[in-house]
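The structure under discussion appears below in the form of structure tokens.
On a predicted model such as this, the values are computed, not experimentally measured, just so you know. Chain letters run A, B, ... following the sequence lines, proteins first and then strands; every chain starts at 1.
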Protein chains: 2
Amino acid sequence: MAGPSQLTGADDPAPAGSSAAGRRRATILDVAAAAGVSRQTVTRAMNDMSGISAETKRRVMEAARELSYRPSRFGRGLVTGGARQLGLVVNDLRNPYSPELAAAVVRLAADEGWNVMLVDIGLASDADRLLASLREQADVVVGYLGEWSAGWGSGLATTPLIQLDAGETTEHAGVRLDPVAAIGDLVAHLVAMGVRCPVVLDASAPREPSARGAAMAAAFREHGVEAEVVHAASSSAEHASAVTAQVVRRAAPPDALLAFNDLMALGALSACRHAGLDVPRDIRVAGVDGLTIGTLVAPTLTTLAVDFDEVARHTLELAVALRDGDADVDRFRVVPHRLVLRESA
Amino acid sequence: MAGPSQLTGADDPAPAGSSAAGRRRATILDVAAAAGVSRQTVTRAMNDMSGISAETKRRVMEAARELSYRPSRFGRGLVTGGARQLGLVVNDLRNPYSPELAAAVVRLAADEGWNVMLVDIGLASDADRLLASLREQADVVVGYLGEWSAGWGSGLATTPLIQLDAGETTEHAGVRLDPVAAIGDLVAHLVAMGVRCPVVLDASAPREPSARGAAMAAAFREHGVEAEVVHAASSSAEHASAVTAQVVRRAAPPDALLAFNDLMALGALSACRHAGLDVPRDIRVAGVDGLTIGTLVAPTLTTLAVDFDEVARHTLELAVALRDGDADVDRFRVVPHRLVLRESA
DNA sequence: CTGAAAGCGCTTACAG
DNA sequence: CTGAAAGCGCTTACAG
């Protein structure tokens, strides 16, 4: 069904079956015909422009409502240019890190007149299709691409990418987080408080420590303290909790636990509580990210905080520059973590 | 560089300065000209279609890269129809409720082939503009519109709306959460555990209780127990904590605290801890929402959980129906809360 | 106040 | 394997 559109005139193919589901979507020409006016008169009415009589406008709006007319964003965008669109890729919205980042980006983007399309690549069943759709719709894509960033450039149409997990050697623009200085501050504090047997609670599968875990161990080494690195099966609170439970049950338990991120630190805190340990008296615990949730637990969580607003600021700045093809901008930004001492360490 | 596109001819207004920033974006015709082919050959190359020689394709891609060509989503969308676009409006991404909802919606939307545009109306500096932009870009808008839902229909172009905070009398489609049965379960449990002096910790300014707070008080009344309703200045953990601190300091402190939501319950828990109270021995605490974070605190939080996947399912079903103009679908859905007993009550 | 024409950038048949 | 034509749905000048 949905007969061909005659366009310039003649017999409009009558909205087929009145069963709404099978009906071709009404266009500006349908409304014009129904109201007995020209298409630009419809445009005037729909866009609240001047130069149209109240009566005509009423008739047009009436016809539009009758036909459930909605202007096509493509038709309009083609001529107006349309709003800027930012694609934001996060890892897993259920890790509070993602929404705290997203909140900052979404807010600043709105202020700058960009819309934000959100993709959760961690929860996706078909990440490839999702990313393909995103790059087709967005002017610029920003976020945690992980392994997917590799094939980005090879694609057919090249949407600019801003990597948030960028290493030093990325080919794309990027905003990198640098915890090293803050780790130094934290470790100095811990050592000053008497910590001598720290454990680094690192994330995920790869047997070798993450860059972050390695930096933690290295910082202790500079103080003549050897840190043991243990790995959780994932960076979730649950897995962190499980590993912590094992570690604190040892004959010689650690006196500090540095987690890869706040979520893992919360899992560690929970395990310590269940083991009957007092934090920070028996063992000190700290995380990384600076999540708000860390202020709601007991004891409140010491952490290395990310300045999400700063990340968002760099992101939008880069997005604007990349969209405009501005080559003069510094494509690599670094935002340092900052030590936030609370009760747990 | 980037010569003007001759198109139908004559003097194209020359791309201004060669400073990239001022350059008009390249079109398919520019690429075609640069590669010495027709536009449909460019289409073939860009879209990885058959019927093009390897050498030609190479030349086209080369030219495209040279000109930083990116196909216009509007031009393409106009002819292909484009992907479905869902606008998701949340209240405040920093309340963990939002991301848990968003995670469910985003995941299901992706599975169904919809893109999601995210707007945080709570953090917005200019909600009206934001919503206007959203309704222009999205096929359907879903979320917590609050007061903004009022003027929705009066707008010029009417994008279908699915209200998530819909009362009974909404003119739009909606998915409503119904806590009443679960509140009954919770209160029965509390009374059975000996609770006689409960306090309902309600949200926000209006002096009269929220529907939810009223339902809590009513449920107690059915058991012959009178509940006092107190109001926090906002539904944040901080304000809930402040009010709780006052309440528990009384001569006759309550033996149970029912919070408007989990975030407030967490604030209450925190205040109880600081007051030296043991939860649940001295006082029982419960919230509403079923947030994951409730499993990470000590004691773990008893709550009335929302089935976010169920909400997402109804949402996508409605979105599809509204976009297709399908009138035969039930436009009002109800998802009940479910009591989840954990340690705090 | 209203309308006829041109054009935005792309893809889809259809010819060669 | 390649190209000329038509058309997607809208807005922006320009005439009347």
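Within the 4.0 angstrom heavy-atom criterion, only backbone atoms of the sugar-phosphate kind lie near A/Thr27; the bases stay farther away. Among the protein residues, B/Thr43 comes within range of the nucleic acid bases, having at least one heavy atom under 4.0 Å from a base atom.
With respect to A/Asp165 and A/Arg176, no salt bridge is recorded, no charged nitrogen being found less than 4.0 Å from a carboxylate O. Look at A/Arg84 and A/Glu112 and you find no salt bridge, because none of the NZ, NE, NH1 or NH2 atoms lies under 4.0 Å from a carboxylate O. Contact check on B/Asp30 versus B/Arg25 returns no salt bridge, with no Lys/Arg side-chain nitrogen under 4.0 Å from an Asp/Glu carboxylate oxygen. A salt bridge links A/Glu55 and A/Arg58; the closest N-O separation between the charged side-chain nitrogens and carboxylate oxygens is under 4.0 Å.
For A/Ser53 and C/dC1, the shortest distance from a side-chain N or O to OP1 or OP2 is not below 4.0 Å. Phosphate proximity of C/dG3 to A/Thr41: present, with a side-chain N or O under 4.0 Å from OP1 or OP2. In this model, the phosphate group of C/dC1 is not approached by any side-chain N or O of A/Ser50 to a distance below 4.0 Å at OP1 or OP2.
The side chain of B/Asn47 lies closest to C/dT11, out of C/dC10, C/dT11, C/dG3. Of the candidate nucleotides C/dA4, D/dT11, C/dT11, D/dT11 has the atom nearest to the side chain of A/Arg76.
The base-pairing partner of C/dA15, taking Watson-Crick or G-U wobble contacts with both distances under 3.5 Å, is D/dT2.
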